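All values below come from the heavy atoms of this structure, side chains included, with hydrogens, waters and symmetry mates left out. Model, not experiment: these values are computed from the prediction.
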Amino acid sequence: EPLPRSVQQEPGAIVSPEFERFSSFFGLGGLVAVHSEGRDRHAIWSALQRREVYGTSGGRILLWFDLLPGDGGAPVPMGSSVQRSGGIPRFAVRAMGAFEQKPGCPADVLGALSRPRLERLCVGECYHPSDRRHRIDRIEVVRIRPRSRAREDIATLIEDPWLVLPCPRDGAAGCRVAFADPEWESAGRDAVYYVRAHQEATPTVNAGNLRCQRDETGACVDVQPCSVLGETPSKDDCLVPAEERAWSSPIFVDFAAGAAPAIRQARAQSLRHPKLRGGLRR
């Protein structure tokens, strides 16, 4: 095994060999999106507080996820918590892919910043959308149900994915799908639903992570991580096709009729399980 070492990148800067491998997992960063009534601070914080919010892996994907009312009223948006005494819950999902990116920077940016500054800040690439959107490939639905008894196997209650709904191949107008849970009423238990929208695969920075070289059996025999120490050419962005995606906030559908205290207590215990901690707490 090689001895631990540090690499002198430039005067005053020490980079550990571990950082070289870490850097092959760095991405361009995710985004938070909200359904707000305006662009001011109050409107954005109000959307966050009512949990009408979703995240993306980085692409500016549009996503709506609603519970459809049985009485013809207004749809209930993502992030909501509702109680129902009966009837099959039905949902609608709409998603649109991010705009395809044009190379370089738009004219207004080029007029505001010099090319050397743009090269230093963002390697000469800005948000520069075209008028074409990427296609949404599919919608995945995740269903999570609380325990009805203390020793019930929680692995059977986290269904990821529970449903996979394909989107139209043309995708010009985005993707619209609907689904229902016919088991909810007969099960008589609370449930949590959220959706993921998968965009068509596009070249993505570090999507291949360590860029394994594999033998005839498929085993990884060597790695060539994207290096920040000069061993990887500066023009190599380690691009590998990957699907950008968007995750909705969940919709909590509680079973109101006949919910015994024991079931409620088991539900509270299941939400404290490590697999659920943080992401689904109300």
Side-chain angles (χ1 to χ4, degrees), residues 35 47-56 61 63-95 136-167 175-198 243 245-282:
H35 294 166
L48 289 169
Q49 288 177 332
R50 66 176 182 266
R51 299 180 302 210
E52 200 169 345
V53 56
Y54 65 95
T56 86
I61 300 170
L63 179 64
W64 295 263
F65 174 42
D66 300 305
L67 172 65
L68 301 178
D71 57 2
V76 178
M78 66 175 75
S80 300
S81 177
V82 299
Q83 286 192 344
R84 296 170 64 102
S85 57
I88 296 174
R90 302 181 185 278
F91 303 86
V93 186
R94 182 160 61 101
I136 298 295
D137 180 74
R138 66 191 182 279
I139 303 294
E140 294 181 346
V141 183
V142 178
R143 182 177 72 174
I144 302 173
R145 296 179 290 179
R147 286 170 167 165
S148 59
R149 57 186 186 278
R151 295 185 178 277
E152 188 174 15
D153 184 8
I154 198 170
T156 64
L157 304 177
I158 303 175
E159 299 166 281
D160 181 8
W162 172 55
L163 294 175
V164 178
L165 307 171
C167 294
C175 178
R176 293 174 181 263
V177 296
F179 67 93
D181 185 357
E183 303 170 347
W184 181 84
E185 188 173 25
S186 60
R189 65 199 301 174
D190 303 346
V192 178
Y193 308 84
Y194 72 89
V195 298
R196 283 193 299 263
H198 287 253
E243 295 175 337
R245 58 198 69 184
W247 295 262
S248 76
S249 285
I251 295 178
F252 299 84
V253 184
D254 291 349
F255 193 84
I263 294 179
R264 292 291 180 183
Q265 184 177 3
R267 178 183 184 278
Q269 292 174 351
S270 68
L271 286 179
R272 289 194 293 268
H273 190 277
K275 287 189 177 181
L276 297 179
R277 187 177 298 133
L280 296 176
R281 197 179 292 270
R282 300 200 180 185

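- Looking at Val82 and Asp254, their side chains never come closer than 4.5 Å, going by heavy atoms from C-beta outward.
- Here Glu159 pairs with Arg143, Arg145, Trp162 under the side chain to side chain contact (heavy atoms under 4.5 Å, CB included) rule; sequence neighbours left out.
- A 4.5 Å side-chain heavy-atom check between Leu157 and Glu152 finds at least one atom pair inside the cut-off.
- Interatomic distance, CD1 of Ile88 versus CZ of Arg90, reported as 5.0 Å (0.5 Å rounding).
- Residue Arg176 places its CZ atom among 12 or fewer non-hydrogen atoms of other residues, nucleotides or ligands, all under 6.0 Å distant.
- Every residue two or more places apart in sequence or in another chain was checked for a side chain to side chain donor-acceptor pair (under 3.5 Å) with Arg245, and none qualifies.
- Remark: Arg94 pairs with no residue by the side chain to side chain donor-acceptor pair (under 3.5 Å) rule, at least two apart or across chains.
- At a threshold of 4.5 Å between non-hydrogen side-chain atoms, the residues Arg189 and Trp184 do not count as touching.
- What you find for Ala197 and Ala95 is that their closest heavy atoms are CB-CB, 3.9 Å.
- Taking all atoms of both residues into account, the shortest heavy-atom contact from Leu67 to Pro89 is CD1-CB, 4.0 Å.
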| request: Step by step, work out the side-chain contact (heavy atoms from CB on, under 4.5 Å) result for Arg138 and Glu243. | output: CA-CA 10 Å; Arg138 66 191 182 279; Glu243 295 175 337; 3.0 Å; yes
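- With hydrogens and angles disregarded, no donor-acceptor distance shorter than 3.5 Å links the side chain of Asp66 to the backbone of Ala92.
- Between Val93 and Phe179, the closest side-chain pair of non-hydrogen atoms falls below 4.5 Å.
- Within the model, atoms CG of Leu63 and CD1 of Ile136 stand 8.5 Å from one another, a figure rounded to the nearest 0.5 Å.
- Side-chain contact between Tyr193 and Val253: present, with at least one pair of heavy atoms (C-beta onward) separated by less than 4.5 Å.
- Between Met78 and Arg51 there is no side-chain heavy-atom pair separated by less than 4.5 Å.
- Between Tyr54 and Trp64, the ring center distance fails the sub-6.0 Å criterion.
- Judged by distance alone, the side chain of Ser249 and the main-chain N or O of Val53 form a donor-acceptor pair under 3.5 Å.
- Under the 3.5 Å distance criterion, the side-chain polar atoms of Arg147 are left unmatched by any main-chain donor or acceptor of Asp153.
- Taken to the nearest 0.5 Å, the NE2 atom of His198 stands 9.5 Å off from the CD1 atom of Ile61.
- In this structure, Tyr194 has its ring center at least 6.0 angstrom away from the ring center of Phe65.
- Inter-residue side-chain proximity for Cys175 and Ile139 is flagged as met; some heavy-atom pair is nearer than 4.5 Å.
- The shortest side-chain heavy-atom distance between Leu163 and Val142 does not fall under the 4.5 Å cut-off.
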